Amino acid sequence: MVPLPLSINPSTSLSLWFLYLSLSIPLPLSPYGSSTSINPSPFLSLCVWAITPEERGKHDKQFDSLAPALGHVSGEQARKFFLQSGLPPPVLAEIWALADLDCDGKMDRLEFSIAMKLIKLKLQGRGLPTSLPIVMKQSPAANPASIMTSNSSSTNSLASNSPKTVTCDWAVPQAARLKYRQQFNTLDKLMSGYLSGPQVRNALLASNLTQTQLAAIWTLADVDRDGQLRADEFILAMHLVDMAKTGHPLPLSLPQDLDKLKENFARGSAELEKRRLALEEERRRERERRDREQREAQERREREAREQENRRRLEEERRLERQREMERQREEERLRELERKEELERQRKEAWERGRREELSRRKEGDQEEIVQLKARKKCLEIELEAVVRTNSTNTALIELCCIGVHQLPVSCLVHRQARLEQERLEQERREQARRDREEEEAERQRRLLEEQRAKQREEEEREAQARLRAAQEKAQEEERRRREHEEEEEKRRQKEEEEERRRREKEEKEAKEEQERRRKEEEQERRREVEAAEEEKRRKEEERMQKEEERRRREQQQKEAGGGGASVAVMTLYRALYPFVARNADELSLEGSCLIEVDEATVGEPGWLCGSYRGNRGWFPQSYAERCAASSASSTTTNTSSEAAPPASQAGPLPSSHGAPLRARAVTSWSSSSSDAQPDPSTRGGGGGDSITALLSFSQGDVISVLQQREDWWLGQLAGTQGWFPKDYVTLEPDNTDPEAGDLTFDEGDVVMVTEREGEWWRGCIGDRAGVFPSNYVRPVEPEVESSTSTPGGPVKKPEIAQALVNTVAPTAQQLSLSPGQLIVVLAKNSTGWWLGELQARGKKRQRGWFHSSNVKLLGPTSVLPPLLTLINPSPHPPVCQVITMYDYTAANQDELSFSKGQLISVLDKTNPDWWKGEVNGVTGLLPTNYVKMTTESDPSQQWCADLMSLDSMTPQERKRQGYIHELIQTEETYVEDLELVLEVFHKPMSESGRLTPTEMGTIFVNWRELIMCNTKLLKALRVRKKTGGENMAVQVIGDLLAAELAHMQPYIRFCSCQLNAAALLQRRTNSEPDFKDFLKKIATNYRCKGMPLSSFLLKPMQRITRYPLLIKNILENTPEGHVDRGSLREALERAEELCSQVNEGVREKENSDRLEWIQSHVQCDGLIEHLVFNSLTNCLGPRKLLHSGRLHKTRGGRELWVFLFNDFLLLTHSPAKSFSSSSSSSLGADRLFSHKANVQLKMYKTPLFLNEVLVKNPPDPSSDEPLFHISHIDRVYTLKADTLNERTTWVQRIKAASEVFIETEKKKREKAYQARSLKTSGIGRLLVTVTEAQELKACKPNGKSNPYCELTMGAQCYTSRPLGDTLNPKWNFNCQFFVRDFYQDVLCITVFEKDQFSPDDFLGRTEVPVATIKKEMESKGAATRRLLLHEVPTGEVLVKLDLQLYEQTA
């Protein structure tokens, strides 16, 4: 360090040299030369490290007070004593390593004295030596201070001769300096290097000096005038106090020898700042160099990886090409083999057919020969028959000749001859007949014989053919069997090849999919860029259109000015919004991203704010949220009403649609035809469906319009049965999601679905002419209300919407209505597709509900005459969100707006737009401005908490909303706790008693349900106590501190949500596989308290509640004004709620970490710990516990095998006591296999867990050693461990160091945050002095019936914490602190008692609260006194507190 430019002359007291020595500032060279300069180098080696006899005597007394055993004190005894110095544990570990000369883990008198000397020097700001100086190992010699004292006295004598205004010696003695330095270190508990006024107050008041003297001392000592005392300033102040107590008068200014301290301090600070900046610059350059090298190395690694990937891909492609070539060859061989087999089979079939044909031809020839023989036989028989006929004719002729001769004989002879001839003739005929009969019989017999022979021959032929056929069939079957076997073998080989081919194709498809996915992403990026370009083009066209419109307006305004005579014109400039902005009050203007705003730059307001108009609203918005549009010839415009251009005549036609349905567009802002002075010109349009339509279509923001035709700037659309033209710039196309699966029913938000079947999670329903299934969780029941007008006499009756059928329609389905002309339908609901749900009215018939198209009916006006039956119906298709009361009269300016008078009650249907709500009054629906109405107490749930309307009216609207959200938080918390307790009574108890689930399964499903109940019960009790403190149905002023405190103890949710997936999977598996178990769950869910919800719905409530906390707290915070005492606590509560949600999400994502912590919980025995250790929970100050590393290590002494687990807060050493697995098997058991369910390993804690803020890890002295050893120092013990490899040792050392640094840095930030909150300079009306004396009968948290309690005092952001006391239920703290009071009626003193835990967040032992207004009231009657306060939310406990309220004097 460069010496400071401060000279020391001989008249200067040598005590100033001690001041420089204590501040570690090198002495400057004297301008008088070497003869008058002081060289402190000889004294540095004598008095800095040497131990004086006085110090040695003091150290011996402290050594004896520790009750040494055999001349030594143990490490635990020394640890507790050294920790009282306030130094960090790592620094004490280094001091122990230096002082423990023989490294035996204990200290004798010399080692203890060396350690105390090192602690003292460290507290004085001096760094520790790398090795112990030799002078410290020697016996104490004469105190070098005596030499310095003699020199100081001689110098003082010289100084007395010099002319000075003060005659006394103001130098600070060395002994006093050391005493004051120790006192400074004691008061500086946070080791910040300075003390504030409240910290020094008690030390100064102990001197019994007057306030005037103390104020003068403070003025003299505070050299740099920063309101704080550093070490040298504190020493100077205490020295001035001692001098004043001895009777010396205080100087008006610092003496010359002390005043030079100020100059030296300023110059030293400048030099230190200069060196600090130089060091920071050097570090920055070094950091940039390292970052640059890392980037280059990373780029080099990525380049090598890409090259390697390219080489691998090319090699893979070559391998795949070779494989495809082999596949092609095998396929060709298989095809050739199949062709050869087919050829053999064809030849075999041809041979068989040829033999068959030959056999049939032989049989045909035989049949033909038989036919020829039969024909020849027939011919022979015919010849024989002819011969017989000729013989008969000859005989007849002879007979005739005989008859001629007979005529000449006598009659008697003739008669006789005639008889004889007749007899012969008869005989001849008889013989001829017999012969013919014989011949016929012979022919018949021959014929039968021939037929029998032929039949036998045919049978033989058939038998031979059948035999040949059987033989052929057997041969064919044999061949077929062989062929099938061969084909099966071929099929198996083919399947194997196909499987290989399939795997190859899958791999190729996977690669192709990856490539396709990459290309898809690139295409998507390209499409996104195109969309952005299209949007940019659209914005550009919009700007051009607006600029043209501005130019037209400007010309019209100029014409008006020329004709009307110089009326004043407000120049408007066009701006484009860069970001969305939400108005926080009525004077501000809400914006949307990329919207166009008309800005009046002539209106001057606050810097950074512009006044503009958007959507008919006017207000202020931040200038940084918008940019001026591109300059053109028409950059400004007047505030006259704009008119839209008429739709063009070209390019008219219907819109394309992928499913035949018209495109759908959603209105981004309201538009009315009355605001446009241009009308479409039907004569200039082409053909199309909209040729006959010339009307304009008005709509409101959020309406969905069916687009029928589109032109350049004008589109034809249909809304609620009305068709008309509208400008396309006021709408945006809805995304086309019409790609449902077959049988699914698609719908949009707000559509009404008629449910026809309910089964499970998918219901069946219809919308108009479409029917299908849809998920039940996408809809909610909306039953139209039908009530009689006579039920509320004198009340307003809402007129029903009645439609009359125009055409005759026949319903194709049962869910639609068949209409006849003239029939009346009560309209119950309308969908954006043009289908309406209604109830058909017919006398004497049952009313029928169903769908009908709006084009088939017409709506009747309110004056139409209706049947008496319809006057009883009052449908409410849109249930009102809330009700409002009008404060002023309003006349509608557009067709879609609502006119009303002051005092009317309006039902609000939609509150999407913060400026314009959609409401209904007297059956008329329209838009109404929100600043014309106010909420009613009956319809606003956020105002139901207050029963006193006078108190409610006295509050601001913002405070009313805030109290309403607080009431909502408390009410929903009560309902949630009731649901948690209901699960235990209705589900857990019957399931446990039924024996259907094992205890393990019950634990898997319900996890830590009782812990959830305990957490939320504590929160609910705290909320009830806070509300009871302010009074029932009264405002709650402060609630953020309760939420911030209790949300820090919600760690059971992390474990529950992490195990929720396992619980749901187990429950689903059991219900699917066991119908009896499913019926059992349904039976117990029929309890009326369940409201029809199953167990799975209740198991989701904890996750839903955790995600709801940030929303509730955010609502409260948004309605809490700036400067409110609860705003800081609410911010902290919101941060903790969001942090809890993040931790829960991280716990769900890190399921593996949670499962491993659960494994450690069940497989590691942690016997001997006073506190119950839950691994899967929150740590004390580092959030959720995480397992950073684990593995096997060995001790160098004895070679014991240890399984070590590194968490983010401690290091756990375990071993296997029962030798459950041998060393050979354990060597192959890695960390991953250790956590497997198959690894049946039981471990036992080897040593008490080593907290990472108390350990120091080091590599061996010889870095070149091949032994993978490293050392872990923990206070008084050093563990030398051996890893399996050098890489494993490096991993252990790096991870332990990183985790230790994170732990130490977190504790440091926590202390600094608490100190900064206390040291903030806040203005107020007074201060509250608090002394917590003691607590009595606290709740026991340890198994031994004791606790380690400490108390925390808070008032808004101000917080103080006492020290914890061990093993007591009646701690005596005697803790003092003070708070600045800002508001009597909002500030509340909160005293909370905690149990100091090591492995988990501190346990809650009770809380009590005292409003400052109550303290003021009691002090006015009783004065400052000790009060006994009972602790709430716990069964027992009270604290004794002394309160003193001091008010500041009010200056006029």
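Since we're looking at a predicted model, the values are computed, not measured.
- Only one option out of Arg318, Arg319, Arg313 pairs with Glu316 in a side chain to side chain donor-acceptor pair (under 3.5 Å); it is Arg319.
- The side-chain hydrogen bond (donor to acceptor under 3.5 Å, both in side chains) test applied to Ser1142 returns no partner, not counting sequence neighbours.
- Within a 6.0 Å radius of CZ in Arg284, other residues, nucleotides and ligands contribute more than 12 heavy atoms.
- His1271 meets the ring pair (Phe, Tyr, Trp, His ring centres under 6.0 Å) test with no other residue; sequence neighbours excluded.
- Annotation: Glu309, atom CD; neighbour count of heavy atoms from other residues, nucleotides and ligands within 6.0 Å is above 12.
- Exactly one of Gln294, Arg289, Glu293 qualifies for a side-chain contact (heavy atoms from CB on, under 4.5 Å) with Asp291. That residue is Gln294.
- Taken from CD in Glu517 to CD in Glu522, the straight-line distance is 11.0 Å, to the nearest 0.5 Å.
- Phe1207 meets the ring pair (Phe, Tyr, Trp, His ring centres under 6.0 Å) test with Phe1175, Phe1210; sequence neighbours excluded.
- Under the side chain to side chain contact (heavy atoms under 4.5 Å, CB included) criterion, Asp100 pairs with Trp96, Asp102, Asp104, Glu111, sequence neighbours left out.
- Each of Glu1288, Arg1295, Arg1289 was evaluated against Trp1292; a single residue qualifies, Glu1288, per the side-chain contact (heavy atoms from CB on, under 4.5 Å) test.
- Applying the side chain to side chain contact (heavy atoms under 4.5 Å, CB included) criterion to Lys1297, with sequence neighbours excluded, gives Val1257, Val1293.
- Between the Arg576 side chain and the Glu627 main chain, no donor and acceptor come within less than 3.5 Å of each other.
- Listed by chain and number, the residues in a side-chain hydrogen bond (donor to acceptor under 3.5 Å, both in side chains) with Glu509 amount to none (sequence neighbours excluded).
- Proximity of a side-chain donor or acceptor of Asp188 to a complementary backbone N or O of Gly193 within less than 3.5 Å is detected.
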